[in-house]
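Working notes, beginning with the structure itself.
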Amino acid sequence: MAADTAPPFAPCSSPLPAMSMNYTPILDAIRRDLQPHLGSGRVADYIPELAKVRADHFGMAIVTVDGQVYRTGDADVRFSIQSISKLFACTLAFQLLGDALWERVGREPSGTAFNSLVQLEFEAGKPRNPFINAGALVVTDVLCRRFVQAETALVDFVRRLSGEAGIGYDLRVAQSELAHAERNRAMAHFIASFGNLEMPADTVIDAYCRQCAIEMSCVELARAALFLANGGVSPASGESVLDASSAKRLSALMLTCGTYDAAGDFVYRVGLPAKSGVGGGIVAVLPGEFAVCVWSPGLDATGNSAVGSLALEWLTTRIGRSIF
Ligand code: GLN
């Protein structure tokens with residue numbers, strides 16, 4: 001929906017100064033103006049447990065690199081992060097392997113749906129990028145090889161990044177996806193047939209479904225992604241997650257690949273590197289300034305949050321800031 005939904009306000013003509021900015025009134029205004037759109041899109045139902053989530057939730061949070069938190073609506077309600085986990089999994093794998101990761105996963109936008117199999121045959125089992133399912137399965141394979149329980153390593157990682165020890169994954173969502181994972185299973189076995197999995201496909205699928213079922217709120221996700229806006233250093237933990245150059249590279253991949261086959265349109269509208277998930281969350285970063293997360297469960301045809309994309313479009317339009 002809504003690629004052409006005009007904002008109900010005049011776009012900002014000169015950028016507002018960022019660091020001293022109070023984003024709360026802007027977030028509240030976006031939430032108010034979005035009311036007529038709430039509930040639009042379709043909640044993901046191919047994972048039955050996700051279909052139980054109400055479509056009219058809306059939350060949004062901005063966390064700045066100097067530690068200010070701005071929030072509106074359901075910003076503190078935890079939801080299923082789904083493919084946003086691919087961002088954190090890829091960060092861990094990139095930490096472990098560095099550039100060797102790219103021998104097994106590409107860095108090009110796919111132009112196909114997040115769960116598509118078509119390119120794998122032509123491209124000999126090397127997925128286009130780490131943010132589509134095929135690429136994430138290879139990334140999860142890297143983690144399964146390194147950690148006894150990849151999903152536990154990932155949960156520990158997002159707990160550290162967000163400073164929230166209570167984060168975990170929802171076993172019911174994981175089991176619901178595991179019971180309906182034929183497509184991802186097929187993909188994993190197909191990749192394995194090309195020799196691009198080191199661990200058994202079923203081990204990888206199990207860890208993948210659990211990591212997708214991690215639950216976090218907008219505030220927690222914005223905090224966890226903030227290292228990307230802060231030269232690779234997590235302000236919450238002080239941890240140097242990635243060197244500045246690697247953080248730049250990961251953000252670049254989010255820009256070109258983070259919203260699947262909608263990446264071009266999303267960047268056109270929003271102008272920020274972002275990663276979405278079928279739980280309806282989208283996390284985005286404005287380097288040097290903030291990380292933002294929005295949650296609204298109704299999805300558009302590409303599997304990105306319909307209202308969430310609109311909210312981010314309105315945010316960058318209102319504040320007159322993006323990476324461009
Ligand atoms: N767990 C979901 C799947 O593999 C994640 C997809 C998504 O969020 N785009 O289908």
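All residue numbers in this chain count up from 1 along the given sequence. Indexing begins at 1, ligand by ligand and atom by atom, following the structure's order.
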Specify the protein heavy atom at minimum distance from [atom]: its residue, its atom name, and the distance to 0.1 Å.
atom                    : result
atom 7 (C) of ligand 1  : S83 OG, 2.6 Å
atom 10 (O) of ligand 1 : Y46 OH, 2.5 Å
atom 9 (N) of ligand 1  : Y260 OH, 2.7 Å
atom 4 (O) of ligand 1  : Y208 OH, 2.6 Å

Short version for R183: what comes under 4.0 Å of ligand 1, heavy atoms counted, is neither
Checking contacts here: is it the side chain or the backbone of C212 that comes within 4.0 Å of ligand 1, counting heavy atoms only? Could be both or neither.
side chain
Is it true that atom CD of E121 has more than 12 heavy atoms of other residues, nucleotides or ligands lying nearer than 6.0 Å?
no
Specify whether Y260 and F114 have parallel, tilted or perpendicular ring planes, treating 30° as the upper limit for parallel and 60° as the lower limit for perpendicular.
tilted
So, D206 and R210, do they make that salt bridge, N to O below 4.0 Å?
yes
If you take all heavy atoms of A291 and L226, which pair is closest and at what distance?
N-CD1, 3.4 Å
For the rings on Y23 and F290, is their centre-to-centre separation under 6.0 Å?
yes
Answer yes or no: is there a donor N or O on one side and an acceptor on the other, between the side chain of D45 and the main chain of P48, under 3.5 Å?
no
Would you please determine whether N184 falls within less than 4.0 Å of ligand 1 on a heavy-atom basis?
yes
